Amino acid sequence: MRPGPDPLGSPEDADRAFRAPRPAAWYGRPTVVVARELLGQLLVRRDAGGLRLGRIVETEAYVSGDRANHAFLGPTARNRSMFGPPGTLYVYRIHQVHCANVVTGFGEAVLLRSLEPLYGILEDPRGPGRLCRALAIGRRDDGTSVVDGAVRIARGPGPPPAIDRGVRVGIRRARHLPLRFALRGSPWVSRPGLGGRGRSR
DNA sequence: TCATTGATTTGCT
DNA sequence: GCAAATCAATGAT
């Protein structure tokens with residue numbers, strides 16, 4: 001019997017992830033592919049307070065021609081980061097929280113919706129707003145790169161995970177598009193419908 | 001300058 | 001299940 005993937009709970013794990021980020025070209029692929037493959041990847045934050053590490057368990061894709069996409073009407077002051085190179089962070093504020101996305105292609109991005117805490121995360125990171133709060137992601141991170149910035153993404157351990165797919169959450173337009181992805185069976189997914197402990201029945 | 005809107009979260013019924 | 005909180009971006013006046 002072999003043990004499963006390493007639990008990755010140590011500061012050394014966080015440091016290793018921070019030093020070995022995915023290259024920019026990894027993000028420059030079709031948005032839906034990146035949204036799926038981001039599941040199981042490591043999200044790591046370094047700041048004056050130290051390191052924080054989590055596993056991405058839920059994402060949403062925002063694609064070209066998608067009316068729910070902030071970039072649908074073209075570049076504006078808010079969304080200009082979405083037109084940066086692959087791997088650019090697009091951080092925006094909605095209501096009283098921030099949400100973080102990773103740019104894939106021109107005007108396309110993946111919303112990071114939920115995280116499994118691995119190291120240094122003291123608050124609940126389930127949901128895009130809580131994820132940003134737990135990692136102290138804010139306006140100053142908008143336009144930075146997950147390849148060489150203070151917030152980075154690195155390869156996760158283990159084989160490609162089983163993935164659930166469904167409709168996106170909380171949007172008004174283009175509700176029918178199945179562009180939400182989650183790690184099957186993960187209790188860290190933000191809302192019922194995908195992941196979680198399965199449907200009660 | 002004013003009004004509307006929202007890729008959320010929280011608390012109450 | 002529903003509404004309120006709360007604020008910056010956006011578009012209209």
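The sequence lines fix the lettering, A, B, ..., with proteins before strands; numbering per chain opens at 1. Basis for what follows: all heavy atoms, side chains included, without hydrogens, waters or symmetry-related copies. What you are looking at is a predicted structure, and each value in this text was computed from that prediction instead of being measured.
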Assess the side chains of S190(A) and S114(A): does a donor N or O sit below 3.5 Å from an acceptor N or O? no

Any chance CZ of R29(A) has more than 12 other-residue heavy atoms, nucleotides or ligands included, within less than 6.0 Å? yes

Quick check: on DNA chain C, is the nucleotide nearest Q96(A) upstream (toward 5') of the one nearest R139(A), or the reverse? Name the residue that is more 5'. Q96(A)

Quick one: N101(A) CG to dG6(B) P, roughly how many Å, whole number? 17 Å

What's the NE2-P distance between H70(A) and dA9(C), to the nearest Å? 12 Å

Could you check whether R152(A) makes a cation-pi contact with F18(A), meaning its NZ or CZ is under 6.0 Å from the centre of the six-membered ring and within 45° of the ring axis? yes

Under a 4.5 Å cut-off applied to non-hydrogen side-chain atoms, are V189(A) and R180(A) in contact? yes

Can you tell me which nucleotide in dT9(B), dA7(B), dG11(C) comes closest to the side chain of R191(A)? dT9(B)

Select one nucleotide: of dT10(C), dT8(B), dG6(B), the one nearest the side-chain heavy atoms of T76(A). dT10(C)

What's the closest nucleotide to the side chain of L73(A) if the choices are dG11(C), dA7(B), dT9(B)? dG11(C)

For R93(A), which contact category applies under a 4.0 Å heavy-atom criterion: base, sugar-phosphate, or nothing? sugar-phosphate

Can you work out whether R133(A) or M82(A) has the more 5'-proximal nearest nucleotide on DNA chain B? M82(A)

With salt bridge (Lys or Arg N to Asp or Glu O under 4.0 Å) as the test, pick out the partner of E60(A) among R36(A), R165(A), R168(A), R113(A). R113(A)

Would you mind reading off the distance between R126(A) atom CZ and dT10(B) atom P, rounded to a whole angstrom? 11 Å

Spacing of H98(A) atom NE2 relative to dT9(B) atom P, expressed in whole Å: 13 Å

Round to the nearest Å and state the distance from I171(A) atom CD1 to dA7(B) atom C1'. 7 Å

Closest to the H95(A) side chain, choosing from dA7(B), dT9(B), dT6(C): dT6(C)

Criterion side chain to side chain contact (heavy atoms under 4.5 Å, CB included) against L111(A), the qualifying member of N101(A), L131(A), T59(A): N101(A)

Annotated structure of DNA chain C as dot-bracket, pair cut-off 3.5 Å, Watson-Crick or G-U only, | for inter-strand, is |||||.||||||.

Here the distance between atom C1' of dA9(C) and atom CZ of F72(A), to the nearest Å, is 18 Å

Between R180(A) and dA7(B), is there a contact of a side-chain N or O with OP1 or OP2 at under 4.0 Å? no

Among residues 108-116 of chain A, which residues get a heavy atom nearer than 4.0 Å to DNA chain B? L111(A), R113(A)

Phosphate oxygens OP1/OP2 of dG6(B): is one of them under 4.0 Å from a side-chain N or O of R172(A)? yes

Test for a donor-acceptor pair under 3.5 Å between the base of dA9(C) and the side chain of Y92(A), counting only N and O atoms. no

When the distance from CZ of R140(A) to P of dA8(C) is rounded to whole Å, what number comes out? 17 Å

Contact between V146(A) and Y27(A) at the side-chain level, heavy atoms closer than 4.5 Å - yes or no? yes

Nearest whole Å is fine: how far is dT9(B) C1' from L131(A) CG? 14 Å

Any chance the side chains of D141(A) and T144(A) put a donor and an acceptor closer than 3.5 Å? no

Salt-bridge test for R191(A) and E58(A): reply yes if a basic N is under 4.0 Å from a carboxylate O, no otherwise. no

Are Y92(A) and H70(A), when compared by the centres of their aromatic rings, separated by less than 6.0 Å? yes

Side chain of R78(A) (C-beta onward), nearest among dT10(C), dT6(C), dA7(B): dT10(C)

